[in-house]
Each structure stands twice: as C-alpha cells, then as structure tokens.
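The structure that follows is given in the form of structure tokens.
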Amino acid sequence: MSAFPTLHWSVDGQDCSARWRSESGVPAPRRVMRVDDQTPADTAYRLACEGTALLWQGDFHNGRQLLQALARRMDKRAATGRRTPSREAATGPAQAFHLHRKRQAERARTLGMLLIPVSAGHQIPLRRAPDVAQACQEAYGDAQEDYVIALRELQGLIGAHEWRKKGVPVPALGAAIHPHYGVFSPVRGEYLDLVKQAPLPAAVAQDSRAYDIGTGTGVLAAILAQRGVQHVVATDMAPRALACAHDNLSRLGLTAQVTLQQTDLFPPGQAPLIVCNPPWVPARPNSSVEQAVYDPDSQMLKGFLAGLASHLSVGGEGWLILSDLAEHLGLRSRADLLQWIDQAGLQVAGRLDIRPRHGKAYDPKDPLHAARAAEVTSLWRLVPQTAAAS
C-alpha cells in the first residue's frame, strides 16, 4: 500500500484521482479545480486564497507564468497593507519574527495551491514540460504510479538538482560541496572558517579522533579530516543527509578518514574533539530542509550540551558552533545558553567570533534586519568543569 494520500477531483462529472506528494508535509487539498491557459490570473488568485487547489492542465511554461502572477499579486497586497490574518503590528523582535514566519507560511500555502500532474516515471504530461525525471528521482526515489505535486515544490526539486550538479564552493575546504535535496547547503561560510581556524585540542595529537554531530552534507567532517584528524565519526539521523555526506566525502577522497553513522547525536565511546553546529533558531521548521535552521525549544542544542561531557575523553573539547541570532530576536537569551552549559557540567574554555557575510545582514528592507545586522556566529570551546578546575 502506498504511503501517500490520494487526491481527488472531477472532470466532466467523472471522478479522477492521483497520489499526493508534499515534502513539507502539507496535507492533500480538499478542493481541486482544473485550470489551464484560459484561466485569468485574478480568478486563479482568488481561488487559491480561498483554499481551492488549481490543477494545471495547460502549457507548462504558462503555468510557471501563472505562478509568478500569483506571487506578484501577493506582493502587491502586502505592499499596500491590505489586512490579512498576519498583518497585525509587531510589539517586539520576537513577535516580529513570529509574524514574519506566519507571513512566509501564508505565502507558501497560497502559492502551493498551483499543482502539476506527474505520471509514473516522473514524466510531466503537459506541453513544453521539461525533463524532471532525474531531479524527482533524487528527491523521491522510484515512482510506479501517477502523482500530483505543487509547482512551487517542483521548482525546488529542479533547483536542488542543479545545486547538486554544480556544487557550492567552500573556500574553507578549497573544494565544492554538493548538497542533496532536503539537506541544508553550506552557503554561509563564516562558521566553516571558525572550524578551519580554531586551534585543535592538544589531546588530538595523542588520539587523532573527532565526532561531527549532525553532519548534514559532511562539510565539517571534511574540514576536520583535511586538518589532519585521522578518524572522524560523522553522525546524523536523516538517511538523506548520510547519503549526501557519503557522496561528498567520496568526491573529496576522504572516506578512509570519515565513518558515517546513523544515530541520534553521539556515537558510542569518547573522543578528544566533538563538533556540533545545531539549528540556530528555536522555532518550528516548515519543511525538511529548514530542520537545519529551526529547532523547537532548542532540543538538539540542549541534547548536545547534556551529553557532551560524558563523550569527551581526557583533555578533550567540544566545539559548539552557534549564531546568536535567536538572542537578538528575543527567542533565547545568552543567560539561557550559559545556564544550559553550566547544568551540563561544562565550562567555556574560550570563544571565537565572526560576523556574517550574507546579503540579508546588510539589507535594510529585510523584515529581520535589526537582528541580522547585530548577529555574531561563535565557536564555543567547551570542556568539562572538572577538567577546567584541575
């Protein structure tokens, strides 16, 4: 039995159905209407806002233009200040953040109402449709039956496929990393520079091992291996992340130095260096790829801190790579972080800081500009309190 729900609609009184796919977990729409090249954009926009999904049956390129038209209408509505459920004024940075996320979700929900049919084998049965078979295969695996997805999600699949082919240059690595669909891309290089520059603990010279917790693309494990760490154990819970890390480590010729392991946080045993770059913002992710940025109640951060001391060997250090964006947004305080470190039996042995270089930090039009402009990313060098006392 298929794990995907079934989407139903009718054509000339005849019932039709296909499987519904959504990587972000959006439920199958309850109302579906067939639309094509003759459907006015204003009509499509009204229906989408009302919660009616639009199953596109026209020329594929015209469908993309319709999606752009829907986006323009949403942007115009937001610019003119027409009231929506999330137009209330923010009273502080935390509320501004939550309203921003709410508006993002509203936008994604409305634009996600334009749907595309896909036949078995990942073929799109529309005029001038591109060949998306490989992009869909990479994200979904085999498709033995017809299905329907949002055009916006399909564009994401295509974009991820192109990033996977071309790779993302990583100056700290001197090479490119090839992110897979659903695995966060290392587009922000400053935190990688911290890992490249931080002095390795002296204990690594006697026991050249390290753990990379939540490896994702494998980029931090690769940097540690390039720095001369002889054996890195890189962990992740997501099969996609582990497949992506294996691909990248193979491209870099580092599979002999890095062992991948599917586990929650720590592998068994101890190491003199344990590195973790957990999600930075304590909020609910809206898609799988956002899980690298958003983490409800800072669960991964707390879990890493709670288990770190027991997994460090004598003389070892834990490197916590963390942005303070959540602090500037009022979602987590510095006092909270320091309290969690202390409660875990840890002490700060040092800290390296770096300012972000991404465009949003310098864009005054960004809704979260004030927080982004003040953001600092830090590498916290953590040691057990007993080690610090001795």
Side-chain angles (χ1 to χ4, degrees), residues 23-24 122 130-141 152-198 210-229 232-262 275-280 285 287-294 319 321 323 354 356-361 377 379:
E23 281 297 303
S24 57
H122 304 300
D131 182 358
V132 299
Q134 187 171 354
C136 293
Q137 178 74 28
E138 290 170 353
Y140 296 148
R152 194 164 185 259
E153 179 165 315
L154 177 64
Q155 291 180 325
L157 298 184
I158 296 171
H161 172 64
E162 291 303 314
W163 277 114
R164 180 169 174 171
K165 284 197 305 182
K166 297 176 182 177
V168 178
V170 178
L173 196 60
I177 285 291
H178 297 256
H180 292 194
Y181 180 77
V183 182
F184 190 72
S185 174
V187 291
R188 290 186 53 167
E190 61 268 14
Y191 76 99
L192 304 177
D193 291 342
L194 290 176
V195 176
K196 180 67 178 283
Q197 297 164 6
Y211 296 161
D212 172 23
I213 308 302
T215 192
T217 61
V219 63
L220 292 185
I223 290 175
L224 294 175
Q226 280 195 348
R227 292 195 62 183
V229 179
V232 181
V233 179
T235 71
D236 210 295
M237 284 290 290
R240 274 183 178 163
L242 294 171
C244 178
H246 182 269
D247 178 29
N248 284 305
L249 294 166
S250 296
R251 292 172 184 266
L252 295 167
L254 297 173
T255 53
Q257 285 176 256
V258 182
T259 300
L260 296 171
Q261 189 172 127
Q262 184 175 16
V275 179
C276 183
N277 175 34
W280 296 347
S287 63
S288 58
V289 73
E290 285 192 346
Q291 293 175 2
V293 179
Y294 300 100
W319 289 359
I321 300 99
S323 159
I354 194 168
R357 298 189 292 264
H358 59 86
K360 288 184 178 180
T377 299
L379 185 152

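We use all heavy atoms of the structure for the numbers below, so side chains are in, but hydrogens, waters and symmetry mates are not.
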**Request:** Measure across Pro179 and Cys244 and return the closest heavy-atom pair with its distance rounded to 0.1 Å.
**Result:** CA-SG, 3.9 Å
**Prompt:** Among Val183, Asn248, Val168, Thr217, which one satisfies side-chain contact (heavy atoms from CB on, under 4.5 Å) with His178?
**Reply:** Asn248
**Message:** Suppose we screen for salt bridge (charged side-chain N to carboxylate O under 4.0 Å, His left out). Which residues come up paired with Arg227, at least two apart in sequence or across chains?
**Reply:** none
**Expected output: side-chain Asp236 to main-chain Leu242 donor-acceptor under 3.5 Å** = no
**Message:** Could you measure the distance from the CH2 atom of Trp163 to the CD1 atom of Ile177? Nearest 0.5 Å is fine.
**Reply:** 13.0 Å
**Message:** To check you understand the geometry: which heavy-atom pair defines the closest contact between Ala234 and Val258, and what is its length?
**Reply:** CB-CG1, 4.0 Å
**Complete:** Taking every heavy atom of His122 against every heavy atom of Val132, the minimum-distance pair comes out as O-CG2, 3.8 Å
**Gap separating the CG atom of Leu157 from the CZ atom of Arg152, nearest 0.5 angstrom** = 12.5 Å
**Fill in**
Result for side-chain contact (heavy atoms from CB on, under 4.5 Å) between Leu192 and one of Leu220, Leu173, Asn277, Ile354 points to Leu220
**Fill in**
The side chain to side chain donor-acceptor pair (under 3.5 Å) partners of Ser250 (sequence neighbours excluded) come to none
**Asked** What residues form a side chain to side chain donor-acceptor pair (under 3.5 Å) with Asp193, not counting sequence neighbours?
**Response** Arg357
**Prompt:** What residue pairs, at least two apart or across chains, pass salt bridge (Lys or Arg N to Asp or Glu O under 4.0 Å) with a residue in residues 241-252?
**Reply:** Asp247-Arg251
**Item:** Non-neighbouring partners of Asp212 that pass side chain to side chain donor-acceptor pair (under 3.5 Å), sequence neighbours left out
**Value:** Thr215
**Asked** If you measure from CD on Gln257 to CD on Gln226, what distance do you get to the nearest 0.5 Å?
**Response** 9.0 Å
**Trace of the side-chain contact (heavy atoms from CB on, under 4.5 Å) decision for Leu249 with Leu260** = CA-CA 10 Å; Leu249 294 166; Leu260 296 171; 4.0 Å; yes
**Request:** Determine the interplanar angle of the Trp280 and Tyr191 rings, folded into 0 to 90°, and report it as parallel if under 30°, tilted if 30 to 60°, perpendicular if over 60°.
**Result:** perpendicular
**Item:** Qualifying residue for side chain to side chain donor-acceptor pair (under 3.5 Å) with His161, from Glu138, His180, Gln137
**Value:** Glu138
**Request:** Taking all non-hydrogen atoms of both residues into account, name the closest pair between Ile213 and Cys276 and its distance.
**Result:** O-SG, 3.8 Å
**Any side-chain heavy-atom pair of Val219 and Phe184 under 4.5 Å** = no
**Prompt:** Taking the side chain as C-beta and beyond, is there a heavy-atom pair between Trp319 and Leu194 under 4.5 Å?
**Reply:** no
**Message:** Has Glu153 got a side-chain atom pairing as donor or acceptor with Glu23's backbone, closer than 3.5 angstrom?
**Reply:** yes
**Complete:** Across all chains, not counting sequence neighbours, the salt bridge (charged side-chain N to carboxylate O under 4.0 Å, His left out) partners of Lys166 are none
**Asked** Looking only at heavy atoms, which two atoms of Lys196 and Ala172 are closest? And how far apart?
**Response** NZ-O, 2.9 Å
**Prompt:** Between Tyr181 and Arg240, what is the shortest heavy-atom contact and its length?
**Reply:** O-CD, 3.4 Å
